[in-house]
Amino acid sequence: MGKETPAPQGEVCVNLTMPITNILGLTTDPVMLAGYGPLPAEIVADVAANGIWKRILTDPATGMAEHITTYRPTPAQRELINARYPTCTMVGCNQPAHRCDLDHCCPFDGSNTTVANLRPKCRHHHRMKTHSSWSCENRADGTHAWTTPSGKVIETELEPIADPAPF
């Protein structure tokens, strides 16, 4: 709230429950703020856009939570991806992975925050992919391919961090 406090500072967690159709702009159903009650959907649009998304699957018969997935990668996923791809995956960019965003190559669908779908991109190249006609593809062999606005495909090579076994 902008006030000085002796309490330790940390992340604030605000739980909002809403149908995915609200985020997509298809409906304006009230949003439930945990511990408070319903809020108009328009009030929470910015909060949801800039927050950590969690998909909570519920049992339709009971309404009980059954499974949670998140938009943000786990620390273990981040560590593995940074080891596998030590720099931004844009060709010629040497920004260290630990200073990059982990980008969903295929847009987040509630279940694809996975090592196979995430690659490090510096903020500049992440925005370029998101807001321009550049695109990328994560290949099954671990390589990463960029497609330029003119349609040219440029593939990045994987660089092993250890020598392969001799067999």
Side-chain angles (χ1 to χ4, degrees), residues 9-29 31 33 39-57 67-164:
Q9 301 299 303
E11 286 187 8
V12 174
C13 180
V14 176
N15 289 313
L16 302 171
T17 302
M18 69 186 90
I20 191 68
T21 52
N22 279 33
I23 295 296
L24 298 174
L26 302 174
T27 62
T28 57
D29 298 331
V31 175
L33 173 61
L39 295 174
E42 301 79 30
I43 291 176
V44 298
D46 287 336
V47 174
N50 295 310
I52 297 172
W53 290 27
K54 290 184 181 180
R55 180 178 73 163
I56 303 174
L57 298 180
H67 183 75
I68 296 176
T69 56
T70 63
Y71 178 79
R72 294 237 175 124
T74 66
Q77 287 173 316
R78 178 173 278 285
E79 192 172 354
L80 176 59
I81 292 164
N82 287 352
R84 193 174 283 174
Y85 305 95
T87 62
C88 172
T89 53
M90 173 49 118
V91 176
C93 184
N94 293 315
Q95 183 72 257
H98 71 273
R99 295 182 60 198
C100 291
D101 299 334
L102 285 187
D103 178 46
H104 289 83
C105 196
C106 295
F108 178 66
D109 68 5
S111 64
N112 63 354
T113 299
T114 63
V115 171
N117 189 40
L118 297 168
R119 295 292 184 274
K121 292 185 181 68
C122 69
R123 183 61 51 96
H124 172 76
H125 292 122
H126 186 176
R127 287 182 177 156
M128 182 180 79
K129 187 216 76 167
T130 303
H131 301 293
S132 76
S133 54
W134 282 80
S135 64
C136 66
E137 174 189 4
N138 294 339
R139 304 251 171 97
D141 64 358
T143 58
H144 190 71
W146 284 89
T147 303
T148 69
S150 66
K152 181 179 179 183
V153 176
I154 306 165
E155 190 172 289
T156 60
E157 297 293 324
L158 280 174
E159 295 182 28
I161 63 170
D163 291 332

With a 4.5 Å heavy-atom cut-off, do H104 and T113 have their side chains touching?
yes

Measuring only between side-chain heavy atoms, which start at C-beta, is T89 closer than 4.5 Å to H125?
no

Euclidean distance, R78 CZ relative to L102 CG, rounded to 0.5 Å
4.0 Å

With rounding to the nearest 0.5 angstrom, report the SG to NZ distance, C100 to K121.
9.5 Å

Here the pair of heavy atoms bringing T87 nearest to C93 is OG1-O, 3.7 Å

Could you list the residues that satisfy side chain to side chain donor-acceptor pair (under 3.5 Å) with R99, not counting sequence neighbours?
Q95

What distance separates T114 OG1 from Q77 CD, expressed to the nearest 0.5 Å?
7.0 Å

Note: P120 and I81 closest approach over all heavy atoms is CD-CG2, 3.6 Å

With sequence neighbours excluded, what pairs up with D101 under the salt bridge (charged side-chain N to carboxylate O under 4.0 Å, His left out) test?
R123

To the nearest 0.5 Å, what is the distance between CZ (R119) and OG1 (T156)?
8.0 Å

Contacts of type side chain to side chain contact (heavy atoms under 4.5 Å, CB included), residue C106, not counting sequence neighbours
N112, N117

State which residues pass side chain to side chain contact (heavy atoms under 4.5 Å, CB included) with N94; sequence neighbours excluded, sorted by chain then number.
none

Using the side chain to side chain contact (heavy atoms under 4.5 Å, CB included) criterion, which residues pair with T148? Sequence neighbours excluded.
W134, S150, K152, I154

The criterion is side chain to side chain donor-acceptor pair (under 3.5 Å); which residues satisfy it with T143, sequence neighbours excluded?
D141

All ring pair (Phe, Tyr, Trp, His ring centres under 6.0 Å) counterparts of H144, not counting sequence neighbours:
W146

Has Y85 got a side-chain atom pairing as donor or acceptor with L80's backbone, closer than 3.5 angstrom?
no

Hits for side chain to side chain contact (heavy atoms under 4.5 Å, CB included) against E79, two or more places apart or cross-chain, chain-then-number order -> none

So salt bridge (Lys or Arg N to Asp or Glu O under 4.0 Å) across residues 125-134, not counting sequence neighbours, yields D103-K129

Value for SG (C136) from CE (M128), rounded to nearest 0.5 Å, stands at 9.0 Å

Smallest separation among heavy atoms of V153 and R139, with atom names:
CG1-NH2, 3.8 Å

